[in-house]
Amino acid sequence: MSDIRTPFKKLVNKYKISINTDSTGILLLSHDAVKRSETAEFRQFSQMRFSVRDFGKEPISKDKLEDAFKLCERKPSACNRQSWRLHVYTEREQIDKICKLQLGCKGFSEDFQGVILLCADIRCYAFQEMNQYFFDGGIYAMNLLYALQANDIASIPLTMGHKTAHLNHIKRVMQIPANEQPILLVGYGSFKDRWKVAASKRNRWQSYVSWNS
């Protein structure tokens, strides 16, 4: 990316910016390594899940998706209300329609084999629990991402954090019931033999954990 490298170096030099090259760049992943981790203990399995923006062509079977959904059946929720609702789109027209409405996946959504819209049924909550469905939906979403990975399905979570007017527009276009609140859109597909992901350095747990304070 020489057209970016040159002006970037000028910017760094002008403002004397310190670059930590140990925590930047890309990782090259392989499908073989991911498959080995899919049956490993959670300590290893959880460290091999990355958001994918570069998908393969191998078809994903409906059975694999259904098994992933089955793995998520016992996820915790407030008072066991199980408010989650999933809308799965596998037809190209529907995939393109909701991805365009999502506003954040241009450039790689054309390789999705499908998308999963996670919603919450707000009728499960009282008026003083206005944000509880986001917590319950978030817990379900992370388990869904792990369940897809365990079934050898590549995925990427995409925010549905839009203003109310736009969310209502999405619901009208996609014919989502009025009592459902969109939480997250998940694009999925197959893994390539090899692909690249951002290094995405994580903060060490010591930086945000406090004890008895």
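No hydrogens, no waters, no symmetry mates; every other heavy atom, side chains included, goes into these values.
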Hey, mind stepping through Ile183 and Trp84 against side chain to side chain contact (heavy atoms under 4.5 Å, CB included) and telling me if it holds? CA-CA 9 Å; Ile183 303 293; Trp84 39 77; over 6 Å; no
The test is side chain to side chain contact (heavy atoms under 4.5 Å, CB included); show your working for Ile156 and Val52 and say whether it passes. CA-CA 6 Å; Ile156 180 170; Val52 176; 5.6 Å; no
Evaluation steps, side chain to side chain contact (heavy atoms under 4.5 Å, CB included), between Leu29 and Val197: CA-CA 8 Å; Leu29 302 180; Val197 297; 3.8 Å; yes
Dump the intermediate steps for side chain to side chain contact (heavy atoms under 4.5 Å, CB included) on Val115 and Val186, then the final yes or no. CA-CA 5 Å; Val115 291; Val186 178; over 6 Å; no
Decide ring-ring contact (aromatic ring centres under 6.0 Å, His included) for Phe112 and Phe55; before the verdict, give the C-alpha distance in whole Å, the side-chain angles of both, and the deciding distance to 0.1 Å. CA-CA 7 Å; Phe112 292 164; Phe55 295 87; 5.4 Å; yes
Verdict with reasoning, Gln149 to Asn151, per side-chain hydrogen bond (donor to acceptor under 3.5 Å, both in side chains): CA-CA 5 Å; Gln149 180 93 357; Asn151 278 275; over 6 Å; no
Apply salt bridge (Lys or Arg N to Asp or Glu O under 4.0 Å) to residues Asp136 and Arg81 and explain how you reach the verdict. CA-CA 9 Å; Asp136 290 348; Arg81 293 170 194 171; over 6 Å; no
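The CG atom of Asp67 lies 10.5 Å from the CZ atom of Phe69; values are rounded to the nearest 0.5 Å. Ile98 contributes atom CD1, which lies 13.0 Å from atom CD of Glu93 (distance to the nearest 0.5 angstrom). Distance check, rounded to the nearest 0.5 Å: NZ of Lys70 to CG of Asp63 gives 13.0 Å. Once rounded to the nearest 0.5 Å, the distance linking CE of Met48 with OG of Ser37 reads 5.0 Å. Once rounded to the nearest 0.5 Å, the distance linking CG of Leu101 with CE of Met160 reads 8.0 Å.
When side chains are defined from C-beta on, Ser51 counts as touching Arg49, because their heavy atoms get closer than 4.5 Å. Leu86 places a side-chain heavy atom less than 4.5 Å from the side chain of Tyr140. Annotation: side chain of Cys119 is in contact with side chain of Ile176 (closest heavy-atom distance under 4.5 Å). With contacts defined as side-chain heavy-atom distances shorter than 4.5 Å, the pair Gln47/Arg43 does not qualify. By the 4.5 Å heavy-atom criterion applied to side chains, Ile95 and Ser109 are not counted as neighbours. For the pair Lys97/Met174, a side-chain contact is recorded, criterion being any heavy-atom separation below 4.5 Å from C-beta on. In this structure, Lys57 and Lys192 have side chains that are not in contact, with every pair of non-hydrogen atoms separated by 4.5 Å or more. Residues Lys9 and Val12 have side chains not in contact (no heavy-atom distance under 4.5 Å, counting atoms from C-beta outward).
With no hydrogens or angles considered, no side-chain donor-acceptor pair links Asn131 and Glu129 at under 3.5 Å. Side chains of Tyr125 and Ser83: a donor-acceptor N/O pair is present below 3.5 angstrom, by distance only. Looking at Gln102 and His162, their side chains never bring a donor and an acceptor atom within 3.5 Å of each other.
At a threshold of 4.0 Å, the pair Arg92-Asp96 counts as salt-bridged, since one of the basic side-chain nitrogens sits closer than that to a carboxylate oxygen. Salt-bridge annotation for Asp54 and Lys196: absent, with no side-chain N of the basic residue lying under 4.0 Å from a carboxylate O of the acidic one.
For the ring-ring contact (aromatic ring centres under 6.0 Å, His included) test, residues two or more places apart in sequence or in another chain that qualify with His31 are Phe191. Checked against ring-ring contact (aromatic ring centres under 6.0 Å, His included), Phe45 has the following partners two or more places apart in sequence or in another chain: Tyr146. With sequence neighbours excluded, no residue satisfies ring-ring contact (aromatic ring centres under 6.0 Å, His included) with His169. Shown here are the ring-ring contact (aromatic ring centres under 6.0 Å, His included) partners of Phe134, two or more places apart in sequence or in another chain: there are none. By the side chain to side chain contact (heavy atoms under 4.5 Å, CB included) test, Asp121 pairs with Arg85, Arg123, Cys124, Asn179, sequence neighbours left out.
Connection of Ile60 to Tyr89 is not established within any shared hydrophobic cluster, with ILVMFWY side chains joined at heavy-atom distances below 4.5 Å, either directly or through further cluster members.
With hydrogens and angles ignored, the 3.5 Å screen pairs no side-chain donor or acceptor of Lys64 with any backbone N or O of Leu148.
Counting heavy-atom neighbours within 6.0 Å of Gln175 CD, excluding the residue itself, gives a total of 12 or less. No more than 12 heavy atoms of other residues, nucleotides or ligands shown are found within 6.0 angstrom of CG on Asp193. Atom CD of Glu91 has 12 or fewer neighbouring heavy atoms from other residues, nucleotides or ligands inside a 6.0 Å radius.
With a 4.5 Å cut-off between side-chain heavy atoms of Ile, Leu, Val, Met, Phe, Trp and Tyr, the cluster of Tyr208 takes in Trp205, Val209, Trp211.
Tested against Pro157 for a side-chain contact (heavy atoms from CB on, under 4.5 Å), the candidates Leu184, Leu118, Leu185 yield a single pass: Leu184.
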